[in-house]
S.K.: 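This is the structure, below, for whatever I ask next.
When reading the values below, keep in mind they use all heavy atoms of this one structure, side chains included, and skip hydrogens, waters and symmetry mates.
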Amino acid sequence: MKGFMRPGLEEIDPGVPAGRRPPIRLDCNESPFDLPPSLKCLAAQKICDLSLNRYPDAAALAVREQIARNLGVKPGEIVLGNGLDEVILMIVLAFGAGRRVIIPVPGFSAYKTSAILAGATVVEVPLAPWLDLDVQKVLEEAAREPGLVFICSPHNPTGRSVRPEIVERLLRETGSLVVVDEAYWEFAGTSCLSMLQEYDRLIVLRTFSKAFSLAGVRLGYAVLNEDAASWLTRAKMPYNVSSLSLAVAGVVLDDPVHVRETVSRVVAERERVFSALLASPHVVPLPSCANFILFTTSCPAGDVYERLRERGIAVRSFPRAPFLSNYLRVSIGNPSDDDAFLDALNRLLVNEEQRAMMRGGFHA
């Protein structure tokens with residue numbers, strides 16, 4: 001079988017965690033708040049009314065119309081996918097095959113995975129040492145020859161937003177297609193969506209997985225000009241979004257109050273967790289515009305990661321990422337899970353400090 005494997009697959013992380021996830025799951029940037037029972041009942045009723053022996057609406061027109069009304073765009077400017085992962089792959093297949101795909105690293109792994117699968121040339125641009133986007137290097141690579149540029153804002157995993165004027169520079173000063181992944185935009189409030197009317201080489205990505213609390217539904221979408229959308233649609237499989245996903249999304253789109261309340265709760269909890277981490281002499285957290293916080297500690301990140309797992313708490317580590325080998329990322333959870341994380345982190349760091357002091361001959 002190895003002789004049939006296409007080149008580049010060895011670089012792709014299969015993304016399947018080893019063993020069971022701990023009970024406190026703060027590693028995947030999921031919403032800590034499930035849909036309220038009232039919305040679940042409405043969704044269940046819509047699902048009961050479906051004819052599951054029939055294929056879903058291949059055009060997903062009703063949901064695209066709902067999204068279009070909410071965003072102030074046309075339904076023809078929206079292309080849905082089975083999560084943003086599929087949408088990203090569709091974009092690279094449609095517009096990036098055989099081209100250069102420029103990816104700031106570290107970043108969301110789906111960009112590189114999709115580029116490899118599409119037979120594109122991966123061009124990785126490391127973040128600046130202070131973990132901001134290296135704007136000049138990205139500009140240089142994007143101007144070298146037309147290709148695709150992926151920008152994540154707020155950026156995963158640093159939590160920092162990329163200013164819209166930087167995206168505009170990329171569009172104005174290069175001939176590349178710029179894809180802005182706004183999976184976490186609701187938690188920051190900054191978007192490039194308004195630029196779509198001026199720049200036909202801009203694609204904006206959105207998801208239902210974060211602020212909408214629908215990670216299990218697997219639904220994401222691209223917003224782009226109608227002509228580009230018609231070509232992007234050719235890169236997707238028929239019936240790629242299930243009737244069940246469309247039904248649930250339709251219910252949640254009809255209740256914007258749920259999303260506003262979820263975002264408000266997550267942002268308030270993010271600031272509380274950040275303040276608690278900042279108050280610890282053993283932790284240095286980075287300010288975040290997303291639903292997670294990147295931080296470093298006085299102990300090696302790998303040790304902290306493993307000891308938290310032993311205590312039933314999952315966070316994200318980056319052992320092979322440039323500049324991030326000693327950082328961890330914690331998703332914002334519900335208050336009780338966050339308190340358990342903060343308590344466990346503080347206890348293990350204090351205990352480690354005490355052991356280090358004893359090894360150095362310290363006596364109280």
Side-chain angles (χ1 to χ4, degrees), residues 12-15 27-31 60 63-64 66-68 70-71 73 77-96 101-118 120 148-159 161-162 167 177-188 190-193 196 202-224 228-229 232-233 235-237 239-242 244-246 248-249 252-253 259 262-263 289-292 316 329 331:
I12 296 177
D13 183 345
D27 57 336
C28 288
N29 298 343
E30 299 154 316
S31 172
V63 169
R64 288 194 297 116
Q66 285 178 285
I67 295 171
N70 289 351
L71 300 185
V73 300
E77 296 174 319
I78 296 167
V79 179
L80 293 174
N82 182 23
L84 267 191
D85 302 62
E86 186 193 35
V87 177
I88 291 165
L89 178 59
M90 288 159 49
I91 288 169
V92 183
L93 287 170
F95 306 120
V101 176
I102 300 159
I103 306 168
V105 291
F108 185 35
S109 62
Y111 310 145
K112 183 175 181 178
T113 297
S114 297
I116 291 171
L117 293 175
L148 266 66
V149 182
F150 280 96
I151 300 293
C152 188
S153 182
H155 181 264
N156 178 17
T158 68
S161 289
V162 177
V167 174
L177 190 155
V178 180
V179 183
V180 182
D181 182 348
E182 295 188 347
Y184 304 96
W185 86 274
E186 290 95 341
F187 306 105
T190 302
S191 173
C192 294
L193 197 67
L196 284 167
L202 174 64
I203 300 176
V204 175
L205 305 183
R206 297 283 179 86
T207 183
F208 285 81
S209 294
K210 313 302 180 184
F212 284 78
S213 304
L214 293 180
V217 168
R218 306 306 300 130
L219 194 63
Y221 60 94
V223 190
L224 64 171
L232 181 59
T233 301
K236 74 176 184 68
M237 292 292 109
Y239 312 114
N240 63 322
V241 178
S242 77
L244 283 71
S245 296
L246 293 172
V248 178
V252 177
L253 283 165
V259 177
T262 297
V263 170
C289 297
N291 67 339
F292 54 82
R316 179 69 187 274
R329 188 194 70 196
S331 306

S.K.: Is the backbone of Ala211 close enough, under 3.5 Å, to the side chain of Ser31 for a donor and an acceptor to pair up by distance?
M.R.: no

S.K.: State the CD1-CG distance between Ile151 and Leu205, to the nearest 0.5 angstrom.
M.R.: 11.5 Å

S.K.: Is there side-chain contact between Glu86 and Asn240, with heavy atoms separated by less than 4.5 Å?
M.R.: yes

S.K.: Just to verify, which of Asn29, Asp27, Asn291 counts as forming a side chain to side chain donor-acceptor pair (under 3.5 Å) with Ser331?
M.R.: Asn29

S.K.: Can you check whether Phe292 reaches Arg316 side chain to side chain, under 4.5 Å on heavy atoms?
M.R.: no

S.K.: Please confirm whether the backbone N or O of Cys192 pairs with a side-chain atom of Glu182, one donor and one acceptor, at under 3.5 Å?
M.R.: yes

S.K.: Write down the atom of Ser213, the atom of Thr262, and the distance for their closest heavy-atom approach.
M.R.: OG-CG2, 3.8 Å

S.K.: State, with a plain yes or no, whether a side-chain heavy atom of Phe208 is found less than 4.5 Å away from one of Ile67.
M.R.: yes

S.K.: Could you please spell out the steps behind the side-chain contact (heavy atoms from CB on, under 4.5 Å) verdict for Glu186 and Phe212?
M.R.: CA-CA 10 Å; Glu186 290 95 341; Phe212 284 78; 3.7 Å; yes

S.K.: Which pair of non-hydrogen atoms, one from Leu84 and one from Ala183, has the smallest distance, and what is that distance?
M.R.: CD1-CB, 4.0 Å

S.K.: Which class fits the ring pair Phe108 and Tyr111: parallel under 30°, tilted 30 to 60°, perpendicular over 60°?
M.R.: perpendicular

S.K.: Indicate yes or no: at least one non-hydrogen side-chain atom of Asn156 is less than 4.5 angstrom from one of Tyr184.
M.R.: yes

S.K.: If you look at every heavy atom in Ser153 and Val162, which pair is closest and at what distance?
M.R.: OG-N, 2.8 Å

S.K.: Can you measure from CD1 (Ile102) to CG (Leu148) and round to the nearest 0.5 angstrom?
M.R.: 8.5 Å

S.K.: For a quick test of reading the model, state the closest non-hydrogen atom pair linking Cys152 to Pro154 and the distance between them.
M.R.: SG-O, 3.3 Å

S.K.: Please find the pair of heavy atoms, one from Met90 and one from Leu80, that lie closest to each other, and give the distance.
M.R.: CE-O, 4.2 Å

S.K.: Rounded to the nearest 0.5 Å, what separates atom CZ in Arg206 from atom CG in Leu193?
M.R.: 5.0 Å

